[in-house]
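Some notes on the structure that comes next.
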Amino acid sequence: MAKYHQFIEEKIKKIQNTVKDGVAVSALSGGVDSSTVTILSHKALEDRLKTIFVDNGLMRKNEPEHVVSTFKNIGIPVEIIDAKEKFFSALKKIEDPEDKRRIIQDVFYQDVFENYRKNINAQFVLQGTILTDIEETRAGIKLQHNVDIQAPYKIIEPLRTLRKDEVREVAYELGLPKEIYNRMPFLGPALAGRIIGEVTPKRVEIVREATAILENELKNSRAFQYLAILHKDKVTGIREGKRDYGLQIEVRCWDSKDARIASPTKLPYDVLDGLAKRLTTEIPGVVSVVYNITPKPPSTIEAI
Ligand code: XMP
C-alpha cells in the first residue's frame, strides 16, 4: 500500500467530521503545501470548499492565471481576488523585514481573506502550514505568513506534522501533477520577501523579471530552490564608456532536503556567467550580479 494512504484517508475523514455540513475556504498559492491541502479538502468537501487565489501583486510572472488553469484542469474551480492595491499601499515606506511580513499577514488575514470569508459565511479555513513554518516562527527566526493566526473561525491544518519532502510524497500519492508535487518552494510574502528596502510596484517588476530569467536558466540545475533578490544599495557601473549608477541583483541557489539546513549549489561558472549576462542586458538599470556563497545557517534561504 502507498506510504501515505492511511494519512490521506484519516485527514479526509477528519476534515469531513470537523466541517460537517458547513462551508470551508482554502487560499491557494499554487505551492505544494496549499495545493496539497486544497486537493485533500476538495476530496473531503467537494463544492462546500471554496478555493481562492489572492493576487497580492507580489506573485511571479503569470502565476495567478497559471495556478487557476492548472487547478481547472484537475476539476477544482479557483476564484482570483484582486488585492494588489491593498498590499502595495500597506507596504509603502516599509523596510524592516519582520514589519513587511507582519503587514502582509495582516492585510491577507484581517482584510482580504476575512472579507471574502464573511461574505460567503464560511466557518472553516484550510491551511497548508507545515512543521518547518511552525518551528521557524516559534524559534523567532522569521514570522511565517500562516503561523499563529488569531481568528474568529476554525483553522484546519492537515499538514502540521509534515516537512516539505513528506508533503511532496502526499501530493504525489494524491495524484497531483508533477509540476505541483515537484514545485520549488515559494514564500508566503512572495516577491516582497526578495526585495531589500521598500516594496513598490516598480521594484517588484524588476525582481519578477529577474526571477523569470533565473527560473528559466536554472530549471535543469536540480537544485532545491533558487531565487533572485533586489538589493537596496545602488552600485557604480559602466555602460558604453559612461558611468551608470545602477541596481544590484543577488542570486541564491540552494541544495537542501527540507529547507532546515542548506548549502549553496556549486553552479558551473558558465551558468553563472550566462545569468550575469542576461540579468544585466535584459533588465534595465541592473549593472551588477552577485552569487551568495553562504550556507544556511548562518544565512537563511530567503533574504528577509
Ligand atoms: P528561510 O528563509 O527561513 O526559508 O530559510 C525556509 C523555507 O521556507 C520558505 N519560506 C516561507 N514559506 N511562508 C512560507 O510558506 C513564509 O513566510 C516563508 N518564508 C520562507 C523559503 O522559501 C524556504 O523554502
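Along the sequence shown, residues are numbered consecutively beginning with 1. All values below were derived from every heavy atom in this structure, side-chain atoms included, with hydrogens, water molecules and symmetry-related copies excluded.
- Figure legend: cation-pi geometry between Arg60 and Phe186, with NZ or CZ positioned under 6.0 Å from the six-membered ring centre and within 45° of its axis.
- With a 6.0 Å radius and a threshold of 12 heavy atoms from other residues, nucleotides or ligands, Asn17 has its CG atom above the threshold.
- Within the 3.5 Å criterion, the main-chain N or O of Asp55 finds no donor-acceptor partner in the side chain of Lys84.
- Panel note: side chain Lys100, backbone Pro189; no donor-acceptor pair is recorded below 3.5 Å.
- Within 6.0 Å of CD1 in Ile155 there are more than 12 heavy atoms belonging to other residues, nucleotides or ligands.
- Judged by distance alone, the side chain of Thr200 and the main-chain N or O of Lys92 form no donor-acceptor pair under 3.5 Å.
- At a threshold of 4.5 Å between non-hydrogen side-chain atoms, the residues Ile283 and Ile213 count as touching.
- Other residues, nucleotides and ligands place more than 12 heavy atoms under 6.0 Å from the CZ atom of Phe7.
- Judged purely by atom type and a 3.5 angstrom limit, Gln127 has no side-chain atom pairing as donor or acceptor with the backbone of Glu157.
- A cation-pi arrangement is not found for Arg117 relative to Phe113, the charged atom failing to lie both closer than 6.0 Å to the ring centre and inside a 45° cone about the ring normal.
- Taking a 6.0 Å sphere around CZ of Arg239, one finds it holds more than 12 heavy atoms contributed by other residues, nucleotides or ligands.
- With contacts defined as side-chain heavy-atom distances shorter than 4.5 Å, the pair Gln225/Glu302 qualifies.
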